Structure formats: C-alpha cells, structure tokens
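Below: one structure, written as structure tokens.
The shown structure was predicted, so the numbers you read here are calculated from the model rather than taken from an experiment.
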Amino acid sequence: MPTSSVGPGGNNTQCECIPSGFRALGTAIQPVAANVPLRVLYPGVEFDLNNEYQIPATFVPNQRGMYSITASVAFNPNNLNVTSSLTLQILVNNVLRATDNESFVPGIGTSNLAVTTIVELQAGDRVEVFFQSSNAGRIFPSSPFASMATHFEAGRLPS
C-alpha cells in the first residue's frame, strides 16, 4: 500500500514501500584460520519480513532504499595468551562498506566486535559479513548467556 509523506522542500512523495528487515543468529562454533578472511555464517533466522535473507549468510534486498545494517561476532583465539588483531567487515557486492578493527588482549575474556552502517542499497545487492584474525580461533554462537553476540541484521529506513 503506498504511503504519502512530505519530502525536502515540502514536496509530497509516494512510497511503494514494503516492510523490509531481518535478524539472523550464529548457531554453531565457526573455526577461524589465522589471517584468512572468513564469511561469517548466521543460519538461525529470527525473522525475515520480506524473504530477503538467504541462509546462511547473505542479505539481498528486493527494493532500493536506505538500510541500517549491523553485524557482530563473539571471538576467542585458540591461544588466550597472545594478542590478536581482529577485523569485522560488512561488504556490499564484495566492496567494503563498514569495518571494525579491535584487538583481543589476554585476560579480557571473549572479544565482542560489532559494526553498524547506513547505506543505500539497490534491489539485488548482496550484503555479507567477513571476519579476520591474526591468530586462529573460533566465533561463538549466539546464546541467551552471550547476549546474542553473534548476529546479523538489517532494516529498511523510510526514504
């Protein structure tokens, strides 16, 4: 159903918008090799309003618009006594759109990385999440005890 709104300059605009959004969770431990980009898997779909999330890891919007996208992982290196450089990235059509760089420091516990961005997407764009660590380790699944730490979500903003 079209909606009417007032745009910049007071112009009326018509929007043939269909609600769009999803949230997916990591559901298993994902091994991470040192210095090798890993496409993060999020096979546990909590919701998908417009059937746009392709399990296990890709969001493909059906309509053009501005989208808010968030991805996160919970990670530990295999050797908890060394510092690790960590990178979490959101890619659109294999082009980097957002990144978070952090370090795992011995003694701090599990590293929780998160990256959020707002981007304009076209229908059919492919949005994926990649993670890399300087040391081998593992990404932990989401759980009520881990604050749902490994998740990927997006929602279309009114535009």
Working to the nearest 0.5 angstrom, can you tell me the gap between [X] [atom1] and [Y] [atom2]?
X: Glu128; Y: Thr58; atom1: CD; atom2: OG1; result: 4.0 Å
X: Ser20; Y: Gln63; atom1: OG; atom2: CD; result: 5.5 Å
X: Asn112; Y: Phe140; atom1: CG; atom2: CZ; result: 10.0 Å
X: Thr99; Y: Gln132; atom1: OG1; atom2: CD; result: 10.0 Å
X: Thr116; Y: Ile90; atom1: OG1; atom2: CD1; result: 6.5 Å
X: Asn76; Y: Asn78; atom1: CG; atom2: CG; result: 9.0 Å

Taking Ala149's backbone N and O only, do any of them form a donor-acceptor pair with Ser72's side chain (distance below 3.5 Å, no angle check)?
yes
With heavy-atom distances below 4.5 Å as the criterion, would you say the side chains of [X] and [Y] are in contact?
X: Leu86; Y: Val73; result: no
X: Gln54; Y: Arg126; result: yes
X: Pro106; Y: Leu80; result: no
X: Ile139; Y: Val40; result: yes
X: Phe22; Y: Val45; result: no

Apply the test side-chain contact (heavy atoms from CB on, under 4.5 Å) to residues His151 and Thr70: give CA-CA distance (whole Å), side-chain angles for both, the deciding distance (0.1 Å), then the verdict.
CA-CA 8 Å; His151 61 89; Thr70 298; 4.2 Å; yes
Quick check: closest heavy atoms across [X] and [Y], and the distance to 0.1 Å?
X: Arg97; Y: Thr117; answer: O-OG1, 4.2 Å
X: Ser84; Y: Ser133; answer: CB-OG, 3.9 Å
X: Asn50; Y: Asn62; answer: O-ND2, 3.1 Å
X: Tyr53; Y: Asp48; answer: N-OD2, 2.9 Å
X: Ala71; Y: Leu88; answer: O-CD2, 3.5 Å
X: Thr150; Y: Ala74; answer: OG1-N, 3.1 Å

List, by chain and then residue number, the residues other than Ile118 in its hydrophobic cluster (Ile/Leu/Val/Met/Phe/Trp/Tyr, side-chain heavy atoms under 4.5 Å); write none if there are no others.
Met66, Leu157
Single-linkage hydrophobic cluster [X]~[Y], side-chain heavy atoms < 4.5 angstrom:
X: Val127; Y: Val119; result: yes
X: Phe130; Y: Ile69; result: no
X: Phe104; Y: Leu38; result: yes

Hey, can you tell me if Tyr42 and Phe152 have their rings parallel, tilted or perpendicular (30° and 60° cut-offs)?
tilted
Neighbour count >12 (heavy atoms, 6.0 Å) for atom CZ, Arg64:
no
Answer with yes or no after comparing the ring centroid distance for Tyr67 and Phe59 against a 6.0 Å cut-off, counting only values under it.
yes
Assess the pair Phe75 and Phe131: is the distance between their ring centroids shorter than 6.0 Å?
yes
